[in-house]
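What follows is a single structure, written as structure tokens, with notes after it.
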Amino acid sequence: MQERKKRYDWLDIMKLIGIWLMYVTHYDGMGRYGMVGQYTLLGILFFASGFTAFRAKEKTWKLFTKEKFLRLMVPYFLFGLLILAVRVFLFELTIGDMIQWGKGLLYGARNVCPVAAMWFLPCLFFMEIYHEAARRLLKKPIFVWGLAALVSAAVKLIHEGAVLPWGMDMAGRFWIYYAIGDAASWCYRKGVFQAPHRMKALHIGGVIGIAASWYVLYVNFYYGLGYFPSLFGVTEPSYLVLSMITFLYECSGIVCAFSAALLFQKSRLLCAMGRSTLVLCTTEQLTKVLLPLALASIGFTMPDSGTEIGANVMAIQAFFMMLAGYFLFARPMERYFPWMLGRWESDRHRESGN
């Protein structure tokens with residue numbers, strides 16, 4: 001199978017882990033799980049997207065932008081309107097509520113988008129535009145990765161919050177993780193990790209790196225951003241220090257998700273769910289609204305987030321929500337309504353091997 005059509009099962013599992021963390025963080029009262037998700041899930045998802053950025057080299061600029069718009073922005077608007085329709089039907093939103101919803105959907109910025117998970121899509125759209133434009137202008141990959149690092153650092157240090165529509169500023173803020181994914185892909189395709197004379201050192205370094213990353217994730221789970229500065233007696237670390245620690249946590253999350261993905265990549269169900277992360281992302285709110293209502297109609301009540309049942313139970317429930325979303329929405333939509341995902345029959349034939 002050609003490299004451009006090759007499917008990486010472990011990469012699909014990484015995406016699924018990122019989406020699971022997204023489901024978790026959108027529950028109230030998730031405590032430590034929410035802390036881990038807050039500082040790792042975006043790095044994981046953008047890394048996974050960046051790992052396949054090399055496939056854009058085959059496309060003209062016009063085809064590239066058209067394809068990205070269809071695959072990201074068409075589902076963004078269609079699912080946004082679908083969720084609005086469901087909410088109007090179930091909760092009888094006022095005209096004012098509907099107008100505010102529409103404005104938020106059009107603006108599409110983080111913390112403004114009415115469907116919390118979906119701000120990711122326009123942000124990723126602009127991130128891929130930035131990366132591909134930089135690649136075509138700068139030619140050498142290392143210059144592109146360096147530019148991504150500079151832009152990400154500048155945006156975070158200048159203004160942390162989302163301001164511009166469609167996540168244009170947040171795309172710059174998180175571009176570094178997309179670039180890390182692209183760099184890892186470049187090393188993989190160039191055989192850097194398979195060089196015989198480097199194998200032993202790479203194995204030892206890989207084991208140390210994975211172990212260290214799981215330790216950092218453990219620290220993140222229990223103590224959060226302030227732990228490492230507290231070891232040096234710093235109780236109120238500067239914004240720059242906190243930013244560096246956040247980057248460390250994001251990178252550790254990527255490594256931990258990668259090592260976990262290697263363990264689960266043989267699961268056909270999980271890989272199939274990982275290939276449907278676009279639908280799982282866009283239907284998160286639908287699943288969390290409709291599934292409890294459907295179960296309540298037959299006398300079964302699901303625990304509400306923030307209750308005393310504990311974050312562990314809610315984390316497990318998040319997985320089953322994803323599983324329900326896969327069978328209720330992802331499989332039917334991918335089979336019968338591919339146009340909602342920006343796909344048409346010609347695309348399906350062309351990508352039958354992907």
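In what follows, residues are counted from 1 in the order of the sequence shown. Heavy atoms only: backbone and side chains are in, while hydrogens, waters and symmetry mates are out.
Counting all heavy atoms, side chain and backbone alike, Leu90 lies closest to Val289 at CD1-CG1, 3.8 Å. When all heavy atoms of Cys271 and Asp12 are compared, the closest pair comes out as O-CB, 3.9 Å. Between Ile19 and Cys281 the shortest heavy-atom distance is CD1-CB, 3.9 Å. Residues Pro75 and Gly342 share a closest heavy-atom pair of CG-N, 4.2 Å. For the pair Pro229 and Gly226, the tightest heavy-atom approach, listed with the atom from each and the gap, is CD-O, 3.4 Å. Of all the heavy atoms in Phe51 and Ser185, the pair that sits closest is O-OG, 2.8 Å.
The line from CG of Asn220 to CE of Met35 is 7.0 Å long, rounded to the nearest 0.5 Å. The CZ atom of Phe46 sits 9.5 Å away from the CD atom of Glu128 when rounded to the nearest 0.5 Å. Here CG of Asp9 is found 14.0 Å from CE of Met14. Values are rounded to the nearest 0.5 Å. Note that CE of Met333 is 14.0 Å distant from OH of Tyr326, once rounded to the nearest 0.5 Å. Residue Leu16 holds its CG atom at 11.0 Å from CZ of Arg275, rounded to the nearest 0.5 Å. The line from CG of Leu291 to CG of Leu323 is 10.0 Å long, rounded to the nearest 0.5 Å.
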Step-by-step side-chain contact (heavy atoms from CB on, under 4.5 Å) determination, Phe77 to Leu106: CA-CA 8 Å; Phe77 286 113; Leu106 286 173; 4.0 Å; yes

Residue pair Thr282, Tyr76: steps toward the side-chain contact (heavy atoms from CB on, under 4.5 Å) verdict: CA-CA 7 Å; Thr282 51; Tyr76 171 77; over 6 Å; no

Residues Val88, Met98; criterion side-chain contact (heavy atoms from CB on, under 4.5 Å); working and verdict: CA-CA 8 Å; Val88 169; Met98 295 170 62; 3.9 Å; yes

Verdict with reasoning, Phe64 to Trp61, per ring pair (Phe, Tyr, Trp, His ring centres under 6.0 Å): CA-CA 5 Å; Phe64 173 81; Trp61 180 252; 5.8 Å; yes

Derivation of the ring pair (Phe, Tyr, Trp, His ring centres under 6.0 Å) call for Trp10 and Phe258: CA-CA 7 Å; Trp10 59 267; Phe258 167 73; 5.3 Å; yes

Derivation and outcome, side-chain contact (heavy atoms from CB on, under 4.5 Å), residues Val86 and Phe89: CA-CA 5 Å; Val86 171; Phe89 177 76; 5.7 Å; no

Candidate pair Tyr33 and Asn312, rule side-chain hydrogen bond (donor to acceptor under 3.5 Å, both in side chains), full reasoning: CA-CA 8 Å; Tyr33 284 101; Asn312 290 335; 2.7 Å; yes

Criterion side-chain hydrogen bond (donor to acceptor under 3.5 Å, both in side chains) on Thr40 and Glu250, from CA distance to verdict: CA-CA 4 Å; Thr40 59; Glu250 292 278 9; 5.7 Å; no

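Checked by atom type, the side-chain pair Ser252/Trp214 shows no donor-acceptor distance below 3.5 Å. Side-chain N/O atoms of His159 and Asp169 include no donor and acceptor closer than 3.5 Å. A donor-acceptor contact closer than 3.5 angstrom links the side chains of Thr94 and Asp97.
In this structure, Thr301 has no side-chain hydrogen bond (donor to acceptor under 3.5 Å, both in side chains) partners at least two apart in sequence or on a different chain. Under the salt bridge (Lys or Arg N to Asp or Glu O under 4.0 Å) criterion, Arg136 pairs with Glu132, not counting sequence neighbours.
Looking only at distances, a side-chain donor or acceptor of Ser152 sits under 3.5 Å from a matching main-chain atom of Gly172. Between the side chain of Thr277 and the backbone N or O of Leu280, no donor-acceptor pair lies under 3.5 Å. A distance-only check finds no donor-acceptor pair linking the side chain of Ser267 to the backbone of Phe264 [under 3.5 Å]. The backbone N or O of Tyr23 sits less than 3.5 Å from a side-chain atom of Lys288, completing a donor-acceptor pair.
For Phe174 and Tyr178, the ring centers sit 6.0 Å or farther from each other. Aromatic ring centres of Trp186 and Phe54 lie farther apart than the 6.0 Å criterion allows.
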Would you mind writing out the side-chain donor-acceptor pairs for residues 233-249 within the sub-3.5 Å range, not counting sequence neighbours?
residue : atom : partner : partner atom : Å
Ser238  : OG   : Val241  : N            : 3.3
Tyr239  : OH   : Lys156  : O            : 2.8
Tyr239  : OH   : Glu160  : OE1          : 2.6
Ser243  : OG   : Tyr239  : O            : 2.8
Thr246  : OG1  : Leu242  : O            : 2.8
Tyr249  : OH   : Gly224  : O            : 2.8

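In the hydrophobic clustering of ILVMFWY residues, with side-chain heavy atoms under 4.5 Å counting as a link, Met170 and Leu157 come out apart.
Shown here is Lys59, whose NZ atom has more than 12 heavy atoms of other residues, nucleotides or ligands within 6.0 Å.
Residues Phe126 and Leu72 fail the side-chain proximity criterion, which asks for heavy atoms closer than 4.5 Å. Annotation: side chain of Trp101 is in contact with side chain of Arg87 (closest heavy-atom distance under 4.5 Å). Taking 4.5 Å as the limit, some side-chain heavy atom of Leu121 sits within range of a side-chain heavy atom of Leu278.
The cationic group of Arg32 does not satisfy the cation-pi geometry with Tyr222, failing either the under 6.0 Å distance to the six-membered ring centre or the 45° limit from the ring axis.
The aromatic rings of Phe125 and Trp166 stand perpendicular to each other, their planes meeting at an angle above 60°, with 30° marking the opposite boundary. In this pair, Tyr223 and Tyr227 present their aromatic rings parallel. The plane angle is below 30°, not in the 30 to 60° band.
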